[in-house]
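Written out below as structure tokens is the structure these notes cover.
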Amino acid sequence: MKRLIPVVILLLAACGSPPPRLSGPALKPAANPSAVIAAELAFARLAQDKGQWTAFRATAAPDAEMFVPQRVRAQDWLRGRADPPVSVKWQPHRVWSSCDGSLAVTTGAWQRPGATGAFTTVWARQADGSYRWVLDHGQPLAAALPAPDMIEAKVADCAGRVAQVPATGADTGQVIARDNTLIVGSTVAPDGARVVTVRLWTGTAHETVLEDRVSAEAAR
């Protein structure tokens, strides 16, 4: 995953499927892609300054999930885990946000000695207005992703609303914005292969803006 290590490709947190929608006290609806980018950049800096797993623990929501390669609760898997000698590096290239700002997704590139890849992180706005990650996923690539001139940001259309997309698959989870304008689905096969899909509301339908497919071999 993004933060990939030699034996495990990191990515996402909590056993079983996450709640179908974000819960907790409602905040004033407001998309803020810049705040999400800032959270991702701070996450990356913390990994370099304090250690890879230390950064993951510090920035994850209590119910965050990751794949190792099966779905696990991140805080349980990370508890007491020693930081690797060299932390993975990563840079966000793009962000998608729900109309109300309750959920956002960042994607970009990661690097560690001898390997490179892509990552996707799902961020949920907390009761204090800050963002914590609830799903972190990545995959190795044969060639490094080209860095964009600037980070691209896109906010879901605020017109209309539709019901959540039903989940399917042997091991499936969904994270859905409070206003239903951003939906992230993830499915894990018994062999560890997985699919992570991001859908953004266009005003008339949910458009698939990202679909990551990771083979069982790449997931190990």
Side-chain angles (χ1 to χ4, degrees), residues 1-20 40 43-44 47 52-57 59-90 92-93 105-124 132-145 165-176 183-199 208-220:
M1 68 180 183
K2 165 160 87 177
R3 10 286 191 179
L4 177 68
I5 58 175
V7 182
V8 179
I9 295 183
L10 256 230
L11 318 139
L12 319 158
C15 292
S17 298
E40 183 70 77
F43 183 13
Q52 182 170 307
W53 301 137
T54 296
F56 269 72
R57 283 190 294 267
T59 55
D63 59 349
E65 292 186 335
M66 65 199 303
F67 302 122
V68 294
Q70 295 299 322
R71 189 189 306 274
V72 297
R73 182 177 295 275
Q75 293 289 17
D76 292 344
W77 190 86
L78 292 165
R79 185 176 298 115
R81 192 167 295 274
D83 294 316
V86 179
S87 298
V88 67
K89 297 180 179 180
W90 66 90
H93 290 180
V105 178
T106 52
T107 187
W110 62 257
Q111 310 84 32
R112 67 173 179 82
T116 187
F119 74 86
T120 299
T121 307
V122 182
W123 296 88
R132 286 185 171 271
W133 67 267
V134 294
L135 193 63
D136 185 76
H137 147 85
Q139 57 187 315
L141 298 175
L145 291 175
V165 176
T168 60
D171 178 11
T172 304
Q174 285 188 313
V175 186
I176 303 174
I183 298 174
V184 181
S186 56
T187 300
V188 188
D191 62 2
R194 59 186 171 272
V195 180
V196 175
T197 304
V198 179
R199 298 180 178 91
T208 298
V209 295
L210 181 72
E211 184 175 86
D212 285 337
R213 293 183 175 272
V214 182
S215 68
E217 181 179 2
R220 286 193 287 270

> How many angstroms lie between OG1 in Thr187 and CD in Gln174, if you round to the nearest 0.5 Å?
Replying inline: 8.5 Å

> How long is the gap from CH2 on Trp90 to CG on Leu145, to the nearest 0.5 Å?
Replying inline: 15.5 Å

>> Within the 4.5 Å heavy-atom criterion, are Val196 and Leu210 side-chain neighbours or not?
In response: no

> Taking all non-hydrogen atoms of both residues, which atom of Phe56 and which atom of Leu78 are closest, and how far apart?
Replying inline: CB-CD1, 3.6 Å

> For the residue pair Gln52 and Ser87, what are the closest heavy atoms and their distance?
Replying inline: N-OG, 3.1 Å

> Parallel, tilted or perpendicular: which fits the ring planes of Trp133 and Phe43, with parallel below 30° and perpendicular above 60°?
Replying inline: parallel

>> Between Gln75 and Asp63 (side chain of the first, backbone of the second, donor and acceptor by atom type, cut-off under 3.5 Å), is there such a pair?
In response: no

> Which heavy atom in Thr116 sits nearest to a heavy atom in Gln111, and how many Å separate them?
Replying inline: OG1-CG, 4.1 Å

> Taking C-beta and beyond as the side chain, do Pro69 and Arg194 meet within less than 4.5 Å on heavy atoms?
Replying inline: yes

> Of the non-hydrogen atoms in Ala55 and Thr59, which two are nearest, and what is the gap between them?
Replying inline: O-OG1, 2.8 Å

> Of the non-hydrogen atoms in Ala109 and His93, which two are nearest, and what is the gap between them?
Replying inline: CB-CE1, 3.7 Å

> Are side-chain heavy atoms of Arg112 and Pro84 found at a separation under 4.5 Å?
Replying inline: no

> With distance as the sole test, does Gln70 use its side chain to make a donor-acceptor pair with the main-chain N or O of Ala189 at under 3.5 Å?
Replying inline: yes

>> Test of understanding: with salt bridge (charged side-chain N to carboxylate O under 4.0 Å, His left out), list the residues that count as partners of Arg213, not counting sequence neighbours.
In response: Glu211

> About how many Å separate CH2 of Trp110 and CG of Leu141, when rounded to the nearest 0.5 Å?
Replying inline: 7.5 Å

>> Taking the cut-offs as 6.0 angstrom to the six-membered ring centre and 45 degrees off its axis, would you call Arg81 and Trp77 a cation-pi pair?
In response: yes

> About how many Å separate CD of Glu40 and CH2 of Trp123, when rounded to the nearest 0.5 Å?
Replying inline: 5.0 Å

>> So which atom in Thr107 and which in Phe119 form the shortest heavy-atom distance, rounded to 0.1 Å?
In response: OG1-O, 2.8 Å

